[in-house]
2 protein chains.
Amino acid sequence: MKVRPQQLQAFLAVAETRHFTQAAENLGVTQPSLSKRIGSLESELGAAVLTRSRGRIELTDVGHTLLGHARRITAAHEAARADIDDVLAVRAGRLRLGATPSLCSWLIAPLLVRYRETHPGVTVALTEGGSVQLTERLAAGDLDLAFTIGDVAAETGLAVRPLLAEALVVASAADLPPLTDRDHLHLAQVREQPFVLPAHGYDLRHLTIATCEAAGFTPASAVDGGATDAVASLVAAGLGIALLPAMIAADAPGLRAAPIAPPGASRTIALAARADTPLTRAADAFAASLEAHLTDLHAWGRLPEGMRAL
Amino acid sequence: MKVRPQQLQAFLAVAETRHFTQAAENLGVTQPSLSKRIGSLESELGAAVLTRSRGRIELTDVGHTLLGHARRITAAHEAARADIDDVLAVRAGRLRLGATPSLCSWLIAPLLVRYRETHPGVTVALTEGGSVQLTERLAAGDLDLAFTIGDVAAETGLAVRPLLAEALVVASAADLPPLTDRDHLHLAQVREQPFVLPAHGYDLRHLTIATCEAAGFTPASAVDGGATDAVASLVAAGLGIALLPAMIAADAPGLRAAPIAPPGASRTIALAARADTPLTRAADAFAASLEAHLTDLHAWGRLPEGMRAL
DNA sequence: CACTTTGCATGCCGATAGGTTATGAAGGTG
DNA sequence: CACCTTCATAACCTATCGGCATGCAAAGTG
């Protein structure tokens with residue numbers, strides 16, 4: 001385990017040309033240098049690999065044995081070089097991305113389209129889950145990047161970059177009378193209304209409670225539990241009202257959305273990564289692609305209703 | 001093409017243990033040395049392969065890409081080492097042997113049996129042919145060793161080692177009267193007899209003519225041409241007499257063999273190899289085995305009739 | 001047959017890589 | 001807060017490598 005690539009390279013060059021001087025030229029070194037390379041190779045192997053009978057270079061038995069191995073080894077070196085260069089140029093690699101279900105459709109999908117155009121060699125694995133689960137998997141090293149909701153505790157060793165503030169609206173059933181006749185309402189106006197609360201573990205549950213408490217009351221739960229789209233369905237069925245992200249409320253059928261009076265309420269969409277580990281090239285390129293995408297959206301005024309860049 | 005095996009070794013050790021100090025111990029070097037190996041590897045690759053966030057060593061994307069290649073390369077190194085060691089110990093290898101047909105049975109066969117017992121890993125390729133053809137193939141590098149008949153011209157760059165002198169006898173048909181009633185005859189006694197001469201290209205033809213001329217006459221040919229066993233058949237049929245090696249005359253049916261009076265005549269069996277190229281280990285071991293075999297034959301008095309060690 | 005040419009090996013020197021010891025910085029621990 | 005662990009860095013030494021000049025042996029040449 002001391003045979004250097006240059007020694008194998010020298011051996012292969014001589015084995016091919018059967019000529020020291022010529023092989024040295026091909027390698028761009030002087031002939032004595034190449035002689036020494038071969039010499040050191042042979043002393044390390046403990047046997048001659050070439051016969052230098054004047055004017056006739058031949059491989060010894062050991063040389064023949066070495067030849068195939070030397071070819072394989074140098075080929076493996078070159079393959080390694082090529083693969084690494086691909087990774088460095090983000091022509092290859094792996095991106096393990098996490099996102100909450102509510103972000104996958106409108107934000108993630110176009111982002112991935114854009115990303116794959118510029119980096120087609122990267123294989124992308126997308127994991128959906130709640131913010132807590134995502135940050136755990138991030139910290140465990142199962143993910144490279146994750147889109148999270150809310151201000152993730154930075155103490156877990158994560159670097160969190162806020163991206164967007166998405167307005168929360170008060171959702172109610174479309175076939176019931178509006179909660180207000182104004183174009184927005186104060187939360188205090190709905191303090192007596194029964195709420196449909198998302199299940200434990202959903203970011204939106206904590207956000208709803210925290211927002212209401214900031215407005216001076218604790219929301220009464222008509223129904224407690226359910227995923228985000230279940231909450232939307234229950235509200236549409238008239239079982240209660242709920243605070244929902246503007247994008248979700250706009251998409252769900254049978255809902256009426258009432259903006260909250262200034263300063264309003266919002267949830268924060270952020271990009272998280274491990275703080276102690278540098279990003280992979282693929283992840284770094286994705287983050288760059290994301291920045292560019294958001295900048296484009298902002299510049300062209302294409303940010304969805306209720307969305308604000310940070 | 002500058003990545004040294006030691007660097008890959010260091011990388012693999014750290015990748016396995018996730019621990020510099022421990023990996024350094026496993027490799028039997030100090031920790032700073034291993035750090036420098038990794039450092040130089042990374043600077044040559046142009047990218048980090050490990051993340052050293054205090055107390056947590058991880059592979060980077062480049063590191064993951066390198067890992068498989070590094071394993072393959074080091075495995076290839078070890079395989080090369082093992083193969084070469086096999087060749088050096090003559091546990092593996094190739095032996096390309098040439099011999100004249102007349103030698104294959106009684107000399108070559110037991111030799112190969114003995115050789116394969118001690119060196120079962122060596123693959124032996126046996127080529128039969130005339131001395132001229134064998135020496136040509138030897139000089140061309142198609143053979144490692146060849147058993148030849150007669151004094152092969154040493155000018156062709158061959159090293160020839162005489163092994164045995166095989167007596168020539170005068171062969172005649174068994175159903176004809178003996179050429180002499182003595183237990184041996186002088187060649188001059190058969191100067192008027194018609195000879196069966198082997199074809200051009202056979203060593204025996206030149207040997208016959210030279211031997212007769214040394215006795216003062218040129219043999220008259222009754223039949224001119226044919227392989228050695230054809231000559232034996234023709235002589236047995238009574239078409240003429242011939243000079244034949246003692247071993248062949250003894251084996252062929254229907255022949256009467258008359259020894260030649262002292263100093264007699266003989267052909268030389270020799271072992272030839274290229275002079276400018278060292279023997280392969282397999283060939284060297286075969287030559288040693290041959291010497292031992294001949295020594296044994298001589299010591300035990302088992303040399304065939306008419307055979308004399310040189 | 002002397003002379004030149006060819007082709008690889010060798011000796012010497014400067015640069016560099018690799019090793020060891022000692023030391024420093026950073027994070028965890030009693 | 002002193003101390004330990006762990007990796008990086010510095011200083012130093014040696015081995016090695018590459019280049020230049022040269023040597024030596026064999027083959028070609030006049």
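Chain identifiers are assigned alphabetically (A, B, ...) following the order of the sequence lines, protein sequences preceding nucleic acid strands; residue numbering begins at 1 within each chain.
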Atom-to-atom span, [atom1] of [X] to [atom2] of [N] - whole angstrom:
X     : N      : atom1 : atom2 : result
B:E44 : C:dT16 : CD    : P     : 14 Å
A:L27 : D:dG18 : CG    : C1'   : 13 Å
A:L41 : D:dC17 : CG    : P     : 11 Å
A:K2  : C:dA17 : NZ    : P     : 16 Å
B:K36 : C:dT21 : NZ    : C1'   : 12 Å
A:I38 : C:dC8  : CD1   : C1'   : 12 Å
A:R56 : D:dA25 : CZ    : P     : 23 Å
B:I57 : C:dG27 : CD1   : P     : 14 Å

Using OP1 and OP2 only, check whether a side-chain N or O of [X] sits under 4.0 Å from [N].
X     : N      : answer
A:H19 : C:dT6  : no
A:T21 : C:dC8  : yes
A:R37 : D:dC17 : no

### Message
Applying a 4.0 Å non-hydrogen cut-off, can you work out what A:S33 is touching in the nucleic acid: base, sugar-phosphate, or nothing?
### Response
sugar-phosphate
### Message
Side chains of B:D203 and B:S131: any donor to acceptor distance under 3.5 Å?
### Response
yes
### Query
Do B:T295 and B:E291 get their side chains close enough for a donor-acceptor pair, meaning under 3.5 Å?
no
Among [options], which nucleotide has an atom closest to any side-chain atom of [X]?
X     : options                : value
A:R52 : D:dC7, D:dG19, C:dC8   : C:dC8
B:T30 : C:dG18, D:dG18, C:dT21 : C:dT21
A:F20 : C:dA22, C:dC8, D:dG19  : C:dC8
B:Q31 : D:dA8, D:dC17, C:dC12  : D:dA8

### Query
Any salt bridge between A:R52 and A:E42, counting N to O under 4.0 Å?
yes
#### Entry: N-O pairing of A:E16 and A:R71 below 4.0 Å
no
### Position toward the 5' end of DNA chain C (nearest nucleotide), B:R4 or A:S35
A:S35
### Query
Between A:S40 and A:Q7, does a side chain to side chain donor-acceptor pair (under 3.5 Å) hold up when you go through it step by step?
CA-CA 8 Å; A:S40 65; A:Q7 295 174 313; 2.6 Å; yes
### Message
If you assign A:L34 and B:P32 each to the DNA chain D nucleotide with the nearest heavy atom, which residue ends up on the more 5' nucleotide?
### Response
B:P32
